2 protein chains.
Amino acid sequence: MATRTRRAERREEPLSRERIVEVAVELLDAAGEGGLTFRALAERLATGPGAIYWHVANKSELLDAATDAVVAGALAARDARSPKSPRDGIRAVALGLYDAIEAHPWLAVQLATQLSRSPWQPVTLRIFESVGRQVGALGVPENSWFTATSALLHYILGAAGQNAANAVSGRALGPGSSRAQFLDDASKTWEALDPDDYPFTRAVAAQMRDHDDREQFLAGVALILTGMTAPPSPA
Amino acid sequence: MATRTRRAERREEPLSRERIVEVAVELLDAAGEGGLTFRALAERLATGPGAIYWHVANKSELLDAATDAVVAGALAARDARSPKSPRDGIRAVALGLYDAIEAHPWLAVQLATQLSRSPWQPVTLRIFESVGRQVGALGVPENSWFTATSALLHYILGAAGQNAANAVSGRALGPGSSRAQFLDDASKTWEALDPDDYPFTRAVAAQMRDHDDREQFLAGVALILTGMTAPPSPA
DNA sequence: GCCTGATTGGAACAACGTTCCATCGCGGAC
DNA sequence: GTCCGCGATGGAACGTTGTTCCAATCAGGC
C-alpha cells in the first residue's frame with residue numbers, strides 16, 4: 001500500500017512462465033485435473049486471467065509445461081545418483097517416475113494423454129531417453145532396443161498410474177491403516193464376481209489383497225527385464 | 001408433419017440408453033474427445049439436452065458407457081474364435097484391443113483415464129479378465145499371475161495407444177504413402193537431437209523409421225511373454 | 001374420458017477457456 | 001528532464017460447455 005495508483009499496484013515479483021507453471025502444479029496437486037482454472041490461477045497470482053495468456057498460449061500448453069516440469073524434476077533427481085549396474089539404473093528411473101506419479105496423481109492421465117495425442121513430445125522423449133539409455137547399457141541386442149524400451153516405458157507409466165490411483169483412493173477414505181481396508185474391500189468385491197464370467201479375477205483376488213504396491217511394481221519391471229535379456233522365446 | 005402438435009411430434013424411435021451411447025461413439029469417432037457434446041448429441045438425436053439426462057447421469061458416465069460398449073465389442077469379437085494355444089489367445093486379445101484403439105483413437109486416453117482415476121471399473125476388469133485367462137492358461141506360476149497380467153495389460157494399452165496416435169497423425173497428413181513420409185520426418189528429427197542429451201534416441205532413430213506398427217507391437221507382446229515364462233532373472 | 005407417472009425438450013444458469021482492449025510502467029531518444 | 005513506445009497487465013466481455021429446471025407431452029390403467 002506504499003504508492004497509490006488507479007489500478008492495483010504492480011506486483012513486486014513479476015509474472016513469469018516459471019511462476020505460473022509452479023502455481024499450476026500446486027493447483028493440480030490440490031484439486032486434480034479440474035482444479036486448474038485460469039481464474040483460480042489468476043487469483044492465486046493476484047492478477048487477471050488475461051495476463052496469463054501473455055506467458056502461456058493456452059491451457060493445453062500450460063498442462064504440457066506443468067507435466068514437463070514435474071517429470072524433468074523427477075528424472076533429474078534420479079540421474080544425480082550414478083547407479084552401480086544398469087539394472088539398478090532402470091529401477092531408479094522407474095521408481096523416480098513411480099514416486100512422481102504418486103505425488104502428482106494427475107501426471108498419469110496427463111502423460112497418457114500426451115503419449116497418445118502426439119507421441120514424442122519433449123516430455124515423452126525425455127523419459128524414453130532416460131529409460132532407453134539404461135536398456136542399452138544392459139546389453140540388450142541393439143535391434144530390439146526400441147521394442148524393449150517401449151515395453152518398459154509403457155509398463156512403468158501404466159502400472160505407476162494405476163498404483164497411484166489405488167494410493168489416492170486409500171488416502172481418501174482416511175489416514176493410516178485404511179489402505180488395508182481398501183484392499184480388503186476390493187478383494188472381497190472380486191471374490192463376489194460371477195464365477196463363470198470372472199474365474200481369473202476371482203483367482204487372483206487374494207494376491208491382490210496381500211500385495212505391496214512398490215514390490216509389485218518392481219516385480220513387473222523385473223519381469224520385463226527378464227524378457228529383454230533372455231533369448232527370444234521359442235515361437 | 002402428419003399430426004400437428006404444439007411441440008415437435010414425438011420421435012418414432014424412442015430415446016434409449018443404447019441409442020445415446022451409439023451416437024456418442026459416432027461423435028467421438030468423428031471429432032475426437034471434444035466432439036462429444038450434449039448439444040451435438042441432442043441435435044443428432046433430434047431432441048434437447050435435457051432429455052438425455054433422463055437416461056444418462058452425466059458426461060463422465062456417458063464416456064464410460066461408450067468405452068465399455070466399444071471394448072466389450074472388441075473383446076467379444078476375439079472371444080468367439082477359440083485359439084489354438086494360449087500364446088495365440090494372448091495375441092488375439094492384444095490385437096483386438098490394438099484394432100479397437102486404432103479404430104477409435106479416443107479409446108486410448110479414455111482407458112488410461114479410467115485406469116488411473118479408479119481402476120477396476122467394469123471395463124478395466126473385463127480386459128484384465130480377458131488377458132489374465134490366457135496368462136493362466138500359459139502355465140505361468142500362479143503366484144505371478146497378477147504381476148504378469150498387469151505387465152501385459154499396461155503394455156498393450158500403452159503401446160496400442162501410441163501406435164494409434166502415429167497412425168492418426170499419418171492419416172491426417174494425407175492418404176497412402178504419407179505414412180512413410182511421416183516416419184521419415186520423425187526419424188530425421190530424432191537424428192538431429194543433441195548427441196550429448198539424446199544418444200539413445202538418436203541410436204534408434206533408424207529402427208523407428210523402418211518399423212512396422214503391428215509387427216513392433218507384437219514383438220513387444222512376445223518380449224513380455226518371454227519374461228513371464230522364463231525362470232525369474234538372476235538378480 | 002380423465003389422471004397419473006414416466007418421459008421429453010427447450011430455456012436458463014454457472015463456470016469455463018479465450019479474446020479484447022484500456023491501461024500501466026520502465027527504458028531509451030531527444 | 002521530458003516524452004514516447006512497447007512489453008506487460010488485468011478486468012470485462014464473448015461464446016460454449018455441462019448441468020438443472022420445469023412446463024409440456026404421451027401412454028396406459030381406471
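This structure is a prediction, so every number in the text was calculated from the model and none was measured. The figures here come from the full heavy-atom set of this structure, side chains too, leaving out hydrogens, waters and symmetry mates. Just so it is clear: chains get the letters A, B, ... in the order the sequence lines come, proteins before strands, and each one is counted from 1.
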(request) Considering just the side-chain nitrogens and oxygens of His55(B), establish if one lies under 4.0 Å of OP1 or OP2 belonging to dT8(C). (result) yes

(message) Which residues pass the ring pair (Phe, Tyr, Trp, His ring centres under 6.0 Å) test with Tyr155(A), not counting sequence neighbours?
(response) Phe217(A)

(request) Please identify each residue that fulfils ring pair (Phe, Tyr, Trp, His ring centres under 6.0 Å) with His211(A), with sequence neighbours left out. (result) Phe146(B)

(request) Measure from CG on Leu45(B) to C1' on dT8(C) and round the result to the nearest Å. (result) 12 Å

(request) List for me each residue that meets salt bridge (Lys or Arg N to Asp or Glu O under 4.0 Å) alongside Arg214(A), sequence neighbours excluded, and say none if there are none. (result) Asp99(A)

(message) Can you see if the side chain of Thr47(B) gets near the phosphate of dG9(C) - specifically, an N or O under 4.0 Å from OP1 or OP2?
(response) yes

(request) Rounded to the nearest angstrom, tell me the gap between atom CG in Leu41(B) and atom C1' in dG9(C). (result) 14 Å

(request) Using the test salt bridge (Lys or Arg N to Asp or Glu O under 4.0 Å), find all partners of Glu22(A) that sit at least two apart in sequence or belong to another chain. (result) Arg19(A)

(request) Could you say whether Gly50(A) or Pro49(B) is positioned toward the 5' end of DNA chain C, judged by the nucleotide with the nearest heavy atom to each? (result) Pro49(B)

(message) Side-chain N or O of Trp54(A) versus OP1/OP2 of dA8(D): is the shortest distance under 4.0 Å?
(response) yes

(message) Could you tell me how far apart Glu43(A) (CD) and dA15(C) (P) are, to the nearest whole angstrom?
(response) 13 Å

(request) Assess the side chains of Gln121(B) and Thr124(B): does a donor N or O sit below 3.5 Å from an acceptor N or O? (result) no

(request) Nearest-nucleotide wise, let me know which of Lys59(A) and Ala51(A) is further upstream toward the 5' end of DNA chain C. (result) Lys59(A)

(request) Could you list all the salt bridge (Lys or Arg N to Asp or Glu O under 4.0 Å) pairs where at least one residue sits in residues 113-129 of chain A, not counting sequence neighbours? (result) Asp64(A)-Arg117(A), Asp68(A)-Arg126(A), Glu129(A)-Arg133(A)

(message) Does anything in residues 21-39 of chain B come within less than 4.0 Å of DNA chain D? Heavy atoms only, and list the residues if so.
(response) Leu36(B), Thr37(B), Phe38(B), Arg39(B)

